[in-house]
Chemist: 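Mind having a look at this structure? Questions to follow.
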2 protein chains.
Amino acid sequence: MTENPTPENQPQNDASERMDIRTIARLANVSIATVSRTINRVPTVNTKMAKRVWDVIEKLDFVPNTQARALVSGRSKLFGLLVSEITNPFFPELIQGFEEIAVENGYEILISSTNHDPKRMSHCIRRMLERKVEGVAIMTFGIEEPLLDQLAKRKVPLVFIDVGPDRPGISVLKVDYHHGIRQAVQHLAALGHRKIAFVSGPMQLHSAQSRLAAYTRSMNECGIVPDPSWIVEGDHTLEGGAAAMEKLLAQENLATAVLCSNDMTAIGVLHKLYRTGKRVPDDISVIGFDDIHIAEVTMPPLTTIQMSRFEIAKAAFDALQSQVESPNALIGKREFNIKTELIVRESTSYPRGTMEHLRKK
Amino acid sequence: MTENPTPENQPQNDASERMDIRTIARLANVSIATVSRTINRVPTVNTKMAKRVWDVIEKLDFVPNTQARALVSGRSKLFGLLVSEITNPFFPELIQGFEEIAVENGYEILISSTNHDPKRMSHCIRRMLERKVEGVAIMTFGIEEPLLDQLAKRKVPLVFIDVGPDRPGISVLKVDYHHGIRQAVQHLAALGHRKIAFVSGPMQLHSAQSRLAAYTRSMNECGIVPDPSWIVEGDHTLEGGAAAMEKLLAQENLATAVLCSNDMTAIGVLHKLYRTGKRVPDDISVIGFDDIHIAEVTMPPLTTIQMSRFEIAKAAFDALQSQVESPNALIGKREFNIKTELIVRESTSYPRGTMEHLRKK
DNA sequence: GCCCTTTGGGAAAGCGTTTTCGTACCGCCA
DNA sequence: TGGCGGTACGAAAACGCTTTCCCAAAGGGC
């Protein structure tokens, strides 16, 4: 009887040992079922009991194991969030909104940045599937068909921004590009511009095509036939914007304004213009798309088309949540429509040489 | 005998039903242990058997359940990553690096942005604990003591950037602020500046204090006694930078150069200067800190002090991984030292009115 | 006072894996 | 041929929790 390490006569738990609801149950002198019920706030447990349980939980600083919980309940309370490029400020702003809403609703999120690499995207999705996400929001402006099929097969609720197939279990957030872009073109036209260039995103992306289409349509609505040389492909990056502007500058029929597919592109354009000694908006007007935070402090502050990150995040989350939590697919079938709106700052003005331009001086 | 839904006589599995290694085992005519071993590439399994198992797995497109795996193995393969503000471009760049390394090593990461709110931070940590993260990288430039104790108690490996207690199980990435800041001050002094202002971060942050100390020390090394009015507190945001510059502009003893605690601040400063008609670097020189991507395309491009995000991400991950994977704490005790380095661009020049300034013209 | 209903709580069966332990089988040497 | 070591596989016990099922006790109506 020198040493007797049987668990029975060892009430002195020094915060060591492993901690689970069984331990709590023992210390509170209740069954593990009661502990579980208490933690999950099942109303049938007696207040007295509940207090006893909570006291022990707090004293031991017990944290339940989500994995075990997920395993048995079949609910991981995890959503995946896939973005194109986390270093593009548009996405962190979106992520922030999504995370906030998710946490409020008891979900955790797994974030991955695909960097436009389909293989990488495929890996991300695979990893998310392994973690048993209950749904994934794909905010990547482009996805390949086979991947999509693979996902659809698993019946994981999905939400896409802008593009995606119209199947049950899949929601698509439609973005009304045309509204904002028409406003931008009209704004430019009202200032007297006719030669309005467009720097697109990577053309394999559906969103890039939509934005280009909106530009073309808006130009036509203003009675302008765009010169093909005004349309140049960018890649949504700073560098791509600068390169695009360089091409534009080499054209004979030089545009007096340039509309960009996103703000990073616009900032690249602004920079190239600065480098070549052109003044914005005096020599040339520039409009961006997204309205990322730093667009307010470019020089000059950027006129841009806003697309609310928070609205997108909210819609995406709602779509996912309703698919997960309501068995009847009807509720999940809501149409989500994201609006876009022109924000006029100081990168747009009258084209050089027009009367308005002279009058302004 | 009209309907007989007993599971026994239903060998026709149509990809419906639930899928687990048991199903795989049945279909491949092996035990579940063998399936598990095959998936985990345990070398003792016969090639023949392995192929049989893999064939079934591929045919059914089976994905193992990480939660169950984690539950029994005790390894969640999850790290937490806590950042101050995901909308500050410094962090997405860091996150990207961290994610990449983590994924390469079979880990997943849970990202949270605290937005400088201690309560929020506490919640984030709690959630991470519930998910049973194996370690957390705290890149928040500031943490409260009680929280830290709570964490330390759980024996979750931790890595801090810049500041944190020196305890076993906790690594701290030391940043050599002084090197870069001294270079910056010397660069300015060599150009002829003496009145060098400093816009700090929020002073409750240890990192802000360190940077300020490095500034003061560097000034002294250059034989300059900083005027207290040159030192103003910012908050690491665009708006904070602009506000700080406004204060600076109101001083009698106007500085000819301003050194900022991060790039967002510097961009705010640049913008305020632009708004008040001052020219950079002709009227005043500006230096940032971080070298975020857009610092290359500000107008003018920002001279700044680089702190490698990738290096930080790598060091943080390594610290965590070695703590988790090597039982002997010695390996985890490595010192991590992050270097800083001045990058000279175009936001710095001779102070107005000096001979060099005139000569340049 | 008896029976039926309601309420609160316990026992135990999983959830999908890993892993330990045990066993069957094969080949080798004596 | 008998014994032995080693290898490849299977059975079953966890992992920490939820949830169903069931039972005991209390309450209420006649």
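Naming convention: chains lettered A, B, ... in sequence-line order (proteins, then strands); numbering from 1 in each chain.
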Chemist: Roughly how many Å is it from CG in A:Asn29 to P in C:dG9, rounded to a whole number?
Modeler: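 Going from CG in A:Asn29 over to P in C:dG9 covers 13 Å.
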
Chemist: Given D:dA11, C:dT17, C:dA12, which nucleotide is nearest the side-chain atoms of B:Ala68?
Modeler: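 When the side chain of B:Ala68 is considered, C:dT17 is the closest of D:dA11, C:dT17, C:dA12.
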
Chemist: Assess the side chains of B:Ser113 and A:Glu99: does a donor N or O sit below 3.5 Å from an acceptor N or O?
Modeler: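 Per modelled atom types, B:Ser113 and A:Glu99 side chains form no pair under 3.5 Å.
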
Chemist: For A:Phe62, which of A:Ile57, A:Thr23, A:Val56, A:Val53 qualifies under side chain to side chain contact (heavy atoms under 4.5 Å, CB included)?
Modeler: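 Checked A:Ile57, A:Thr23, A:Val56, A:Val53 against A:Phe62; only one passes side chain to side chain contact (heavy atoms under 4.5 Å, CB included): A:Ile57.
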
Chemist: Whole angstrom is fine here: how far is it from CZ in B:Arg22 over to P in C:dT18?
Modeler: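 Going from CZ in B:Arg22 over to P in C:dT18 covers 12 Å.
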
Chemist: Please determine, for the side chain of B:Arg37, which listed nucleotide (D:dG10, C:dT17, C:dC15) has the closest atom?
Modeler: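 Output: D:dG10.
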
Chemist: Under 3.5 Å, is there a donor-acceptor pair linking the side chains of B:Ser171 and B:Gln323?
Modeler: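 Yes - a donor-acceptor pair under 3.5 Å links their side chains.
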
Chemist: Closest approach to the side chain of B:Asp20, judged atom by atom: which nucleotide of D:dC17, C:dG16, C:dG10 is it?
Modeler: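 The answer is C:dG16.
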
Chemist: From CD1 of A:Ile21 over to P of C:dA12, roughly how many Å is that when rounded to an integer?
Modeler: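 Computing the A:Ile21:CD1 to C:dA12:P distance gives 15 Å.
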
Chemist: Name the closest nucleotide to the A:Val30 side chain, picking from C:dT18, C:dG10, C:dG16.
Modeler: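 Of C:dT18, C:dG10, C:dG16, C:dG10 is nearest to the side chain of A:Val30.
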
Chemist: Provide, to the nearest angstrom, the distance between the CZ atom belonging to A:Arg26 and the C1' atom belonging to C:dG9.
Modeler: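 Computing the A:Arg26:CZ to C:dG9:C1' distance gives 19 Å.
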
Chemist: Any base atoms under 4.0 Å from A:Val35, or only sugar-phosphate, or nothing? Heavy atoms, all strands.
Modeler: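 No contact.
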
Chemist: Within the structure shown, what part of the strands sits under 4.0 Å from A:Thr34 by heavy-atom distance: base, sugar-phosphate, or nothing?
Modeler: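 The answer is sugar-phosphate, as A:Thr34 gets under 4.0 Å only of primed atoms, P, OP1 or OP2.
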
Chemist: If you check every side-chain atom of A:Leu71, which of D:dG16, D:dT19, D:dC9 has the closest atom?
Modeler: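 Looking only at side-chain atoms, A:Leu71 lies closest to D:dG16.
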
Chemist: Picking from C:dG9, D:dA8, D:dT18, which would you name as closest to the side chain of A:Ser73?
Modeler: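 Ranking C:dG9, D:dA8, D:dT18 by closest atom to the A:Ser73 side chain puts D:dT18 first.
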
Chemist: Categorize A:Ser36 for me: base, sugar-phosphate, or nothing, with a 4.0 angstrom heavy-atom threshold over every strand shown.
Modeler: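 A:Ser36: base contact, heavy atoms under 4.0 Å.
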
Chemist: Where the side chain of A:Ser31 is concerned, which of C:dA11, D:dG10, D:dC15 is the nearest nucleotide?
Modeler: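 Among the listed nucleotides, the one closest to the side chain of A:Ser31 is C:dA11.
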
Chemist: Rounded to the Å, how far apart are A:Arg69 CZ and D:dC15 P?
Modeler: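 Computing the A:Arg69:CZ to D:dC15:P distance gives 19 Å.
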
